[in-house]
Amino acid sequence: MKDVFQLKDLEKIAPKEKGIISQSVKEVTQSLVDDGLIDTDKIGTSIYFWAFPSKAVNNRKRKLEDLKKQIEEAKKKLKSVNEAVTKAQIGREDTENRTKLVKELNLAEKEKEELKEEIQKYKDSDPDVLESIKKQTEIAKEATNRWTDNVFSIKSWCKKKFSIEESVLNKQFSIPEELDYVE
């Protein structure tokens, strides 16, 4: 149809011609507007709806052209990939020499992995690893002595503040009697 309609016109026509429930005409119309299948415009206080066949034809033609362009691009890409594969296969023909070199390469890679595993076994003797362990040990020692100092400070404060004996305080808070700084 080449007519322009208002919503009230559509609510009368749609149930008769298309079998749409009159209460859902507004929702269906809005859905068609959202999908770009029909056009709408507000003129004054009225809202008009229309869909001309030429617009649909033009939309289909444009979409068809876009799809044809995509097909052409895909064909070009496929052709270039096939050419690249052909170029890559040059010099890779299965010859006796190539087969021998591939086997040597596989053996060399396997040997490399075995050597890496061997190195991992002796990692504990690595000077860099030993130096790192020494640094971590020194840091842990300093932290231990700092906390030991904190415990002694709190014990001293508690003894003065609450007039409590050190042995009772140690027993109450499970502090070992032999607690001392790490050398």
Side-chain angles (χ1 to χ4, degrees), residues 7 20-21 23-38 40 42 47 63 66-67 69-183:
L7 185 59
I20 299 173
I21 300 170
Q23 289 84 359
S24 66
V25 170
K26 184 175 182 179
E27 294 171 12
V28 170
T29 305
Q30 187 60 46
S31 173
L32 292 171
V33 169
D34 293 343
D35 293 343
L37 298 175
I38 63 173
T40 182
K42 185 173 184 177
I47 300 175
K63 188 165 188 162
D66 290 344
L67 290 173
K69 285 180 185 176
Q70 289 178 358
I71 289 172
E72 285 301 316
E73 290 173 8
K75 284 181 180 179
K76 287 178 185 176
K77 189 174 182 180
L78 178 63
K79 184 179 178 182
S80 67
V81 168
N82 284 336
E83 289 173 1
V85 167
T86 304
K87 286 180 183 177
Q89 287 177 341
I90 295 174
R92 292 186 180 186
E93 294 83 17
D94 280 339
T95 62
E96 189 175 316
N97 186 32
R98 185 174 189 281
T99 306
K100 180 182 172 186
L101 290 174
V102 169
K103 284 182 181 178
E104 287 178 19
L105 177 65
N106 289 336
L107 288 173
E109 287 177 348
K110 187 176 180 180
E111 183 180 356
K112 178 183 171 187
E113 288 301 317
E114 290 172 357
L115 290 173
K116 278 185 177 180
E117 289 175 11
E118 187 76 18
I119 289 173
Q120 285 297 100
K121 289 180 185 176
Y122 299 112
K123 184 179 175 184
D124 295 340
S125 301
D126 184 7
D128 294 336
V129 172
L130 291 175
E131 186 63 31
S132 173
I133 291 172
K134 284 181 183 177
K135 286 180 182 177
Q136 291 174 356
T137 304
E138 189 61 35
I139 290 170
K141 179 181 164 186
E142 289 174 7
T144 302
N145 286 334
R146 185 172 45 250
W147 280 102
T148 303
D149 191 44
N150 291 343
V151 169
F152 285 150
S153 296
I154 290 173
K155 280 173 53 175
S156 173
W157 180 80
C158 287
K159 286 192 294 187
K160 290 178 185 174
K161 180 76 174 177
F162 302 110
S163 301
I164 191 168
E165 289 184 35
E166 187 172 347
S167 60
V168 174
L169 186 67
N170 286 345
K171 185 177 180 183
Q172 193 70 26
F173 291 100
S174 302
I175 300 172
E177 292 290 333
E178 63 276 356
L179 178 69
D180 202 0
Y181 295 100
V182 177
E183 296 297 324

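Residues that satisfy the ring-ring contact (aromatic ring centres under 6.0 Å, His included) test with F173, not counting sequence neighbours, are absent from this structure.
Between D66 and Q70, the side chains place no donor N or O within less than 3.5 Å of an acceptor N or O (distance only, hydrogens not considered).
Around CD of E165, the count of heavy atoms belonging to other residues, nucleotides or ligands within 6.0 Å does not exceed 12. No more than 12 heavy atoms of other residues, nucleotides or ligands shown are found within 6.0 angstrom of CD on E96. With a 6.0 Å radius and a threshold of 12 heavy atoms from other residues, nucleotides or ligands, L115 has its CG atom above the threshold. The number of heavy-atom neighbours closer than 6.0 Å to CD of E111, taken from other residues, nucleotides and ligands shown, is 12 or below.
Under a 3.5 Å cut-off, the side chain of S156 and the backbone N or O of F152 do not form any donor-acceptor pair. Under the 3.5 Å distance criterion, the side-chain polar atoms of T144 are matched with a main-chain donor or acceptor of A140.
With rounding to the nearest 0.5 Å, the separation of CG in D34 from OG1 in T29 is 10.5 Å. Taken from CD in E83 to CG in L78, the straight-line distance is 10.0 Å, to the nearest 0.5 Å. Between K155 atom NZ and N170 atom CG the span is 3.5 Å, to the nearest 0.5 Å. Here the CG-CG distance, from N106 to L101, works out to 11.0 Å after rounding to the nearest 0.5 Å. How far CD1 of I47 is from NZ of K26: 7.5 Å, rounded to the nearest 0.5 Å. Interatomic distance, L169 CG to Q172 CD, rounded to the nearest 0.5 Å: 8.0 Å.
Nearest heavy-atom pair across E166 and K159 is OE1-NZ, 3.2 Å.
Using a 4.5 Å heavy-atom cutoff, the side chains of K116 and E113 are in contact.
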Could you check D128 against S132 for side-chain contact (heavy atoms from CB on, under 4.5 Å), going step by step and ending with a plain yes or no? CA-CA 6 Å; D128 294 336; S132 173; over 6 Å; no

